[in-house]
Each structure stands twice: as C-alpha cells, then as structure tokens.
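First up is the structure itself, then whatever we jot down about it.
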Amino acid sequence: MNATRPDAINTKAGRVSRLENILSSASPLLLNLIGLIAGALGVTSFAPFDFWPGYFISLFVFGLLIMSSPSGKSVAWRGLSVALGFFGAGISWVYVSIAEYGQVGSLIAGLITLAFIGVLCTFWVISAWGAWRLIRRFSQLPPSLWVTLALLTGEWARSTFFTGFPWLLPGYAIEHTWLFELLPIGGVSLTSAVVVLTSSVAAGLCLNHHQSRALLIPVVFLWGSAAYLHYVPIAWVKETGTLKTTLVQGNVKQDQKWLPEMARQSLGDYQQATMEHLDSDLIVWPETAITYSYSQIRPHLTSFRQELANTNTTLVTGIPDVSDNRRDYYNAIWATGEGFGLYYKQRLVPFGEYLPLAQYIGPILDVFGMPMSNFRSGDSNQPVLQIGEWGAAPFICYEIVYAGQVRAMVRDSDFLITISNDGWFGTSIGPWQHLQIAQFRAKEAGRYVIRSTNTGITAFINERGEIVHQAPQFEKTTLTAETKTFTGITPYVQWGNGPALLLLGLCFMIGYFSHLIGRKRLND
C-alpha cells in the first residue's frame with residue numbers, strides 16, 4: 001500500500017501540495033485581495049522605505065498565485081491584482097505632476113494616472129499568463145524557472161517599448177542586501193534576475209514542486225558570492241584625482257519656473273550663487289536652470305563665462321535649445337567657462353516631453369486642455385562634456401534610469417553628472433526613487449555621480465553607490481564637496497547583460513538535467 005504524504009494529495013494530474021490545492025479552490029475575490037496587498041507591500045523595498053523583504057514577498061505571492069492557478073482566466077486576474085497593488089502604490093507620484101501642473105482637474109488627472117498604471121500592469125498580466133502556459137506546456141522544467149523567465153521578459157518589454165519605463169525594476173529592491181555587490185558584475189539586470197529567481201524558487205518549494213530544489217544551487221551560489229564580495233570587496237576601478245564641486249539647488253517653484261518675469265530673476269540668483277564659489281573647479285546648475293534658449297542667452301553671458309575661465313571654473317547647466325528653423329526643441333546640458341560641450345537629451349519622457357502616437361492621443365488631450373511638450377531627442381553618439389582635464393558623462397533627469405545608456409558613455413568618462421527637476425513630483429516618493437536609481441548607476445559604473453536638482457534631492461554619490469553628501473529638499477542652497485575621478489571599467493561595463501543571460505541559461509541547463517536524473521531514477 002502506497003503511503004500518502006500529509007502535505008500532498010493525489011489528483012489525475014499527479015501529486016499536488018495541500019497549499020496548492022487550497023489556493024486553487026479559494027475564493028477568487030480573496031486571492032485577488034491578497035495579491036493586491038502583497039503588490040503594494042513590494043513598494044516598501046524601494047526608497048524612501050528601504051524594507052528590502054517587501055518586494056520578495058510580492059514576488060513570492062505572485063509566484064504562488066501563478067503556479068496554483070486552475071485556468072488562464074484566473075491567472076490573468078491574479079497577475080493583475082499583484083501588479084495593480086505594486087504599480088498603484090509605487091507610481092502614484094505621477095498623479096501629483098498631472099494634477100498640480102497639467103492644468104487639468106483631479107478627475108482627469110486620476111483617470112490619466114490610472115490609464116498609465118493600467119499599461120504597466122499589462123506587462124505583468126501577460127507575464128503571468130505566459131508563465132502559466134509555459135508551465136503546462138513544458139512540465140519537465142521547474143515552474144519557478146518559467147515564472148522567472150516570463151516576468152523578466154515582461155520587465156524587459158516594459159523597459160523598452162515607447163522608450164521604456166524602467167522604473168522600480170526588481171533589481172532595485174536590493175540596495176540594503178548583499179546582492180548590491182553584484183551590480184558591478186552584471187548590473188541591475190543581474191540583480192533583477194536573482195531577486196525574481198529567489199522569490200519564485202521559494203514559492204515553488206512551498207508548493208512542493210521538487211524540480212525547484214535544483215534551482216537552489218544557483219540561488220545559494222549567487223547569495224553566497226554576494227556575501228563574499230560584501231566582506232571582501234574588489235576594487236574594480238582606480239581613483240585618479242579629485243575636483244572641488246559645488247551643486248546649486250535653486251528651489252524655484254514649478255508653477256513659476258517658466259514665467260517670463262521669473263527668467264531674469266532666476267538666472268541672476270544662479271549667477272550670484274556661482275560667484276560665491278569661484279574657488280570650485282566645477283559648479284553644476286540643475287535641469288533647465290536657464291529658461292532662455294541656448295542660442296538666445298549665450299551671447300549675453302560672455303563676460304560671465306570669461307570670469308569662470310579666469311578662475312579655472314567650469315559651469316555645467318541645464319538649458320533648452322531650439323533649432324535654426326525654430327521647430328525642433330531640445331533639452332540640453334551646456335558646459336562653459338574652463339570646460340566645454342553641449343549635450344542633447346536622448347531619452348525623452350513619454351507624455352511629458354513627447355507624445356507617443358501623437359496623431360491618435362493628441363486630439364483627446366486637446367479636448368481636456370492638457371498642454372503637451374514636443375521635444376526632439378539628441379543623437380546616440382554624443383561626446384562627454386569636458387570639465388577641465390576631466391571627462392564627465394551627462395544625463396538629464398529620466399536618462400539616469402537607463403543602465404544601457406549610462407554603460408555606453410562610461411568608458412570615456414571620469415565621473416557622471418545627472419541634472420534633474422523633480423519639482424514636478426512635489427513631496428511624493430518619486431524623487432527618492434529617482435535618487436536611489438542614481439546610486440545603482442554609480443555602483444554599476446564604478447564612478448562618482450553628482451546630482452544637481454531644482455528642489456532636491458541634490459547629492460554626491462560615490463563609486464560604491466553610497467550617498468556621501470546630500471542637500472535638504474525644498475531649500476534654496478548650495479552643496480560643496482570633493483568629486484573623485486576614476487579610470488577603468490567594471491565587468492558590467494565590459495559585458496553588459498551577459499551575466500544575467502548566462503544565469504538564465506545555466507538555470508535552464510540545471511533544470512533540464514535535474515529532470516533527466518529524476519526520470520532515470522523513476523525508470524530504475
């Protein structure tokens with residue numbers, strides 16, 4: 001007589017864990033509510049909360065709900081519930097910019113925000129359904145592996161289509177864990193893979209999926225390797241020098257920033273702050289600190305630029321520019337004084353700086369009276385800014401979230417500059433998430449990141465991804481510190497997403513050979 005394990009029941013499809021049976025038969029409303037709560041909990045792993053287990057819990061529940069789903073329809077609803085909780089809580093700051101500065105009412109702002117969240121949720125719903133289908137089609141491989149592959153593919157798609165929105169990726173949840181040390185090796189793509197794999201394997205083991213046991217090998221190895229690097233760090237890059245740097249935080253109110261009468265006053269305030277710090281090698285103003293166009297203001301700053309050059313000081317500032325035909329607008333960074341260079345922003349913010357599918361969506365937004373910008377993107381092969389003898393890779397606002405773009409410019413840089421205007425997002429969590437992403441770029445690249453913003457959070461981030469100096473939010477102030485320069489490249493800069501792809505390939509090999517060994521034992 002065959003013994004039956006107390007944690008499993010027999011079905012026509014095979015042995016199913018008691019937990020899986022409970023999840024399969026539980027009320028859909030209850031499970032969707034659990035998914036919604038678990039998704040919202042995931043936001044606590046990111047800044048400013050920094051409770052790193054939160055996102056692992058979200059993905060753990062996500063995996064449980066997918067693997068135990070009895071149908072494609074139910075798995076879609078379950079995936080939607082977790083995604084809605086996660087993005088609804090994590091991207092809520094979008095509402096602030098639309099409601100307060102979009103010149104539309106609260107209702108329309110809420111609908112637009114909900115629509116945006118719905119688009120993001122779609123990627124997770126498709127990932128959930130795709131994982132469920134793959135689990136049933138290729139049952140010889142661990143279900144945890146298919147959940148991992150499907151969600152990572154969905155996150156890649158979310159980060160790519162319509163210029164992408166690579167915000168709150170799984171790999172950003174690990175700043176306060178050992179996994180942070182994997183960033184110089186494989187970037188946020190590798191840490192994302194480890195986070196999803198760890199959570200999915202845990203879910204599979206709880207559901208008594210024995211195939212998932214084999215995947216503990218890469219999970220334990222990666223966590224162990226990260227722990228080793230935490231306690232025995234490797235110096236991937238070499239320090240070459242320092243330069244005294246002053247960041248100017250103007251704290252100009254967003255609803256006043258573009259008023260014609262404010263342009264002269266704001267420029268004068270920034271100039272005055274600069275004149276008080278001419279002993280600095282580099283002074284950085286935030287995004288569009290100058291609201292006059294580059295071609296318009298450049299001749300009027302001749303004497304100011306000469307004074308900067310006489311004191312061996314480089315000024316880097318955000319400034320708009322317009323083409324000769326007056327039709328194309330650019331968001332730019334300008335280096336002047338002792339340095340030089342003009343960089344045009346490559347990655348534009350959807351619905352903020354350009355309108356995807358403008359021929360279809362534009363007329364709808366016109367009905368609601370919502371103003372839309374229409375900027376042009378810069379070329380992808382622009383040189384870095386020259387800051388005296390140093391090269392600085394420039395990134396405007398949203399661009400710092402694109403790990404691939406940063407990686408492409410690191411080789412020619414001694415440090416990184418990112419300027420932003422997070423005043424659009426008020427007192428929400430958006431600016432804190434934005435700052436955290438910049439920390440990841442510093443760690444991946446092995447470079448200092450200096451971050452100058454209008455209303456905060458202005459900061460110096462070292463090559464280890466640590467905030468070494470930070471200015472308070474919503475204050476008119478300056479922040480002066482030493483910026484260290486570095487040479488050399490990290491493995492991530494050399495290999496890009498290769499380590500993450502290698503990990504997934506190894507997991508497939510481990511899963512498949514584990515299946516062959518298990519089948520051989522049954523036959524014996």
Side-chain angles (χ1 to χ4, degrees), residues 237-251 269-287 289-290 304-305 307-319 333-341 343 384-397 399-400 406 409-410 412-422 434-435 438-439 441-443 445-473 475-487:
V237 294
K238 180 181 179 181
E239 183 179 340
T240 55
T242 62
L243 65 162
K244 188 176 182 180
T245 304
T246 296
L247 310 181
V248 183
Q249 183 171 289
N251 196 38
D269 290 343
Y270 278 111
Q271 286 181 290
Q272 179 61 39
T274 298
M275 299 302 291
E276 297 171 0
H277 292 277
L278 290 180
D279 59 333
S280 293
D281 301 300
L282 170 64
I283 298 174
V284 185
W285 299 355
E287 181 183 11
I290 299 176
F304 178 61
R305 292 160 52 210
E307 190 158 8
L308 290 168
N310 292 340
T311 57
N312 297 319
T313 301
T314 298
L315 170 68
V316 170
T317 179
I319 189 170
I333 296 182
W334 177 31
T336 188
E338 180 67 9
F340 61 88
Y343 168 83
V384 299
L385 302 179
Q386 198 65 33
I387 313 297
E389 62 180 301
W390 310 110
F395 306 96
I396 302 177
C397 187
E399 289 186 308
I400 200 68
V406 175
M409 300 184 71
V410 164
D412 299 324
S413 70
D414 300 287
F415 61 98
L416 313 179
I417 294 177
T418 177
I419 61 174
S420 185
N421 176 28
D422 288 349
H434 202 181
L435 173 64
Q439 293 178 249
R441 298 293 89 84
K443 182 74 170 178
R447 295 290 191 276
Y448 253 60
V449 171
I450 55 177
R451 185 173 192 265
S452 181
T453 67
N454 175 29
T455 59
I457 306 163
T458 296
F460 287 82
I461 305 169
N462 67 19
E463 80 285 2
R464 296 185 299 274
E466 302 164 341
I467 299 174
V468 290
H469 300 283
Q470 177 178 318
Q473 267 187 300
E475 289 187 17
K476 185 177 181 179
T477 187
T478 60
L479 184 65
T480 300
E482 295 291 332
T483 297
K484 295 182 179 181
T485 60
F486 289 85
T487 188

Side chains of His277 and Thr478: does their closest heavy-atom pair fall under 4.5 Å?
yes

I'd like to check Val284 versus Thr246 (side-chain heavy atoms, cut-off strictly below 4.5 Å). Are they in contact?
no

Short side-chain to backbone donor-acceptor contact, Thr483 and Thr245, under 3.5 Å
no

Can you check whether Phe460 reaches Ile467 side chain to side chain, under 4.5 Å on heavy atoms?
no

Do Phe415 and Leu282 have side chains that get closer than 4.5 Å, going by heavy atoms?
yes

Could you tell me whether the side chains of Thr274 and Trp285 share a donor-acceptor contact shorter than 3.5 Å?
yes

Just by distance, no angles: are the side chains of Thr453 and Thr458 close enough, under 3.5 Å, to form a donor-acceptor pair?
yes

I'd like to know whether Thr313 forms a side chain to side chain contact (heavy atoms under 4.5 Å, CB included) with Ile283, so could you lay out the CA-CA distance, the side-chain angles of the two residues, the decisive distance to 0.1 Å, and finally the verdict.
CA-CA 7 Å; Thr313 301; Ile283 298 174; 3.9 Å; yes

Please answer whether the main-chain N or O of Pro472 pairs with a side-chain N or O of Gln470 as donor and acceptor at a distance below 3.5 Å.
no

Check salt bridge (charged side-chain N to carboxylate O under 4.0 Å, His left out) between Asp269 and all other residues, then give those that pass, not counting sequence neighbours.
Lys476

Would you please test Glu463 and Lys443 for side chain to side chain contact (heavy atoms under 4.5 Å, CB included) and show each step?
CA-CA 6 Å; Glu463 80 285 2; Lys443 182 74 170 178; over 6 Å; no

Main-chain N/O of Thr477 paired to Gln249 side chain as donor or acceptor, under 3.5 Å
no

Looking at Gly339, is its backbone amide N or carbonyl O close enough to the side chain of Thr314 to form a donor-acceptor pair, meaning the two atoms are under 3.5 Å apart?
yes

Specify the closest pair of heavy atoms between Leu435 and Ile461, including all atoms of both residues, with the distance to one decimal.
CD1-CD1, 4.0 Å

Between Thr487 and Val237, is there a side-chain heavy-atom distance shorter than 4.5 Å?
no

CZ on Phe304 to CD on Gln271, rounded to 0.5 Å
5.0 Å

More than 12 heavy atoms from other groups under 6.0 Å of CD on Gln473:
yes

What is the minimum heavy-atom distance between Gly341 and Leu385, and which atoms define it?
C-CD2, 3.7 Å

Do the side chain of Glu338 and the main chain of Leu308 share a donor and acceptor less than 3.5 angstrom apart?
no

Can you name the nearest heavy-atom pair linking Ala471 to Leu479, along with the distance?
N-CD2, 3.8 Å

What one should report as the nearest heavy-atom pair of Val410 and Ala445 is CG2-CB, 3.6 Å

Test your reading of the model: is there a side-chain donor-acceptor pair from Asn454 to the backbone of Asn251, 3.5 Å cut-off?
yes

Just by distance, do the side chain of Asp281 and the backbone of Lys244 share a donor-acceptor pair under 3.5 Å?
yes

Find out whether Tyr343 and Glu399 are in side-chain contact, i.e. whether some heavy atom of one side chain is under 4.5 Å from a heavy atom of the other.
yes

Heavy-atom check, side chain of Ile333 versus side chain of Ile396, under 4.5 Å
yes

Taking 4.0 angstrom as the limit, do Arg447 and Asp414 come out as a salt bridge?
no

In short, Leu247 meets Arg451 closest at the heavy-atom pair CD1-O, 3.5 Å

Check the pair Thr240, Trp390 against side chain to side chain contact (heavy atoms under 4.5 Å, CB included), reporting the backbone distance first and the verdict last.
CA-CA 10 Å; Thr240 55; Trp390 310 110; 3.8 Å; yes

Can a donor-acceptor pair be found, under 3.5 Å and without considering hydrogens, that links the side chain of Gln439 to the backbone of Gly465?
yes

Are any non-hydrogen side-chain atoms of Ser280 and Thr480 less than 4.5 angstrom apart?
yes

Determine the minimum heavy-atom distance between His434 and Ser420, stating which atoms define it.
CE1-OG, 3.5 Å

Test side chain to side chain contact (heavy atoms under 4.5 Å, CB included) on Ile450 and Leu416; report intermediate values, then the result.
CA-CA 6 Å; Ile450 55 177; Leu416 313 179; over 6 Å; no

